[in-house]
Amino acid sequence: MNIRVFDNEAQAGQAAALVIGAQIVKNPDSVIGLATGSTPVLAYQELVRLTKQGILDWNRVTTFNLDEYLGLSGDHEQSYRAFMMKNLFGKVNIQPDAIHIPDGMAKDPEAASLAYERTINARGGIDLQLLGLGRNGHIGFNEPGSFFATRTHVVDLTEDTINANARFFANPSDVPRRAMTMGIGTIMQAKAILMLVTGAEKARAVRGMVCNPVDPQCPGSVLQLHANVTVFLDRPAATAMYHCQ
Ligand code: GLP
């Protein structure tokens, strides 16, 4: 793992945007995996800025998002599709049919999961996957205890994740309890991975990810086994990592 610690979350986010931007500049036909949550918002702002400056061109880029809540349609304001439209896709020149996000309203979510996986493979796999890290160490919606070989599938969210995400919903009982997510096997198949983690509430998960042996109880720790992983942290997220022993 190549780990970089930045002074603050703005710097970490800007640096993440530079890595994603460089991928698009290097290969205009890139397939990029994207994440939601509050962490990548600053990175997306910077990507929009670089696009408006004429530095980035999304015309030939393909994207695959990590996950989506089940039971929310794409126009529900808390759906991950709505998040992506608001923070990135609605502000850059990506082709609408190049955007892939699991369908939260799929009639048969299991079949939709298989189809999602097939589409990723048909596009030649993901060149660069952006990841966040859950407070409990989850990646995508792969909760502690997930099997490392999983492909895109349906998951039951843990209480911890439901509580963590309740801040986005008017009523905590509105938080969906199931989601569709790329599996850990899907994520590990990406050619390169960029993880962005900010904030003190993630320090414990960061420690589990980088200091401890690979453990399904901390899904992020599986990244130790990937050959091309970059982790960008801000100082608060990095605090517990300095005391690995
Ligand atoms: C969410 C998402 C993840 C995200 C993580 C962290 O539940 N499913 O993809 O990386 O949890 O979210 P945040 O950045 O808001 O802390």
Side-chain angles (χ1 to χ4, degrees), residues 1-4 6 9 11-37 39-51 55-68 80-81 83-84 87-89 91-95 97-102 116-134 138-142 148 151-152 181-198 209-210 219-233:
M1 275 186 194
N2 168 23
I3 302 175
R4 288 276 324 262
F6 293 89
E9 66 170 332
Q11 288 178 355
Q14 279 183 310
L18 290 177
V19 173
I20 297 167
Q23 172 68 41
I24 295 171
V25 170
K26 260 193 320 192
N27 176 7
D29 296 300
S30 286
V31 179
I32 312 273
L34 293 171
T36 50
T39 311
V41 170
L42 291 169
Y44 291 158
Q45 277 171 15
E46 182 65 8
L47 284 170
V48 169
R49 198 181 69 80
L50 292 168
T51 307
I55 297 166
L56 296 182
D57 180 3
W58 295 74
N59 189 39
R60 283 157 50 191
V61 171
T62 299
T63 62
F64 287 91
N65 264 75
L66 276 170
D67 47 15
E68 178 61 282
Y80 285 166
R81 177 173 286 275
F83 172 96
M84 291 306 301
N87 288 287
L88 184 66
F89 297 148
K91 298 174 175 170
V92 299
N93 64 322
I94 189 164
Q95 299 295 327
D97 63 358
I99 296 169
H100 301 87
I101 303 174
Y116 199 69
E117 196 72 32
R118 274 198 301 272
T119 311
I120 293 173
N121 289 331
R123 299 291 165 112
I126 291 168
D127 294 309
L128 175 65
Q129 175 68 54
L130 176 65
L131 291 179
L133 184 67
H138 73 222
I139 49 177
F141 268 134
N142 295 281
F148 286 167
R151 317 303 306 195
T152 302
T181 181
M182 282 187 201
I184 292 179
T186 321
I187 293 168
M188 290 293 280
Q189 205 177 289
K191 291 162 195 125
I193 292 176
L194 171 62
M195 177 178 268
L196 179 60
V197 195
T198 56
M209 179 175 74
V210 305
S221 67
V222 73
L223 300 185
Q224 294 175 30
L225 303 176
H226 194 285
N228 189 352
V229 177
T230 302
V231 181
F232 287 170
L233 306 170

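If you're wondering where the values come from, they're calculated on a predicted model, not measured in any experiment.
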Please give me the minimum heavy-atom distance between [X] and [Y], naming the atom from each residue.
| X | Y | answer |
| --- | --- | --- |
| Met182 | Asn65 | CE-O, 3.5 Å |
| Val229 | Leu223 | CG2-O, 3.6 Å |
| Ala190 | His226 | O-NE2, 2.6 Å |
| Ala16 | Ala43 | CB-CB, 4.2 Å |
| Glu68 | Tyr80 | OE1-N, 2.9 Å |
| Gly183 | Asn142 | CA-OD1, 3.6 Å |

Give, for atom [atom1] of [X] and atom [atom2] of [Y], the distance between the pair rounded to the nearest 0.5 Å.
| X | Y | atom1 | atom2 | value |
| --- | --- | --- | --- | --- |
| Leu18 | Ile55 | CG | CD1 | 9.5 Å |
| Met195 | Thr230 | CE | OG1 | 11.5 Å |
| Thr198 | Leu133 | OG1 | CG | 10.5 Å |
| Leu50 | Gln45 | CG | CD | 12.0 Å |
| Leu34 | Ile20 | CG | CD1 | 6.5 Å |
| Asp29 | Ile24 | CG | CD1 | 11.0 Å |

Does the side chain to side chain contact (heavy atoms under 4.5 Å, CB included) test come out yes or no for Ile32 and Leu130, once each step is laid out? CA-CA 8 Å; Ile32 312 273; Leu130 176 65; 5.8 Å; no
Angle class for the Phe64/Tyr116 ring planes (parallel below 30°, perpendicular above 60°, tilted otherwise)? perpendicular
Side-chain contact test, heavy atoms from C-beta onward, threshold under 4.5 Å: evaluate it for [X] versus [Y] and give yes or no.
| X | Y | value |
| --- | --- | --- |
| Tyr44 | Met84 | yes |
| Leu42 | Gln14 | no |
| Val210 | Met1 | yes |
| Thr63 | Phe89 | yes |
| Ile99 | Arg81 | yes |
| Met188 | Phe148 | no |
| Ile120 | Ile126 | yes |
| Ser30 | Leu128 | no |

Apply side chain to side chain contact (heavy atoms under 4.5 Å, CB included) to residues Phe141 and Leu66 and explain how you reach the verdict. CA-CA 8 Å; Phe141 268 134; Leu66 276 170; over 6 Å; no
Which residue, Ile187, Ile193, Thr181, forms the side chain to side chain contact (heavy atoms under 4.5 Å, CB included) with Ile139? Ile187
Apply the test side chain to side chain contact (heavy atoms under 4.5 Å, CB included) to residues Phe232 and Val19: give CA-CA distance (whole Å), side-chain angles for both, the deciding distance (0.1 Å), then the verdict. CA-CA 11 Å; Phe232 287 170; Val19 173; 3.7 Å; yes
Within the distance-only criterion (no hydrogens, no angle test), does the side chain of Gln224 pair as donor or acceptor with the backbone N or O of Met209 below 3.5 angstrom? yes
Side chain to side chain contact (heavy atoms under 4.5 Å, CB included) between Leu56 and Val25, intermediate numbers included: CA-CA 7 Å; Leu56 296 182; Val25 170; 3.7 Å; yes
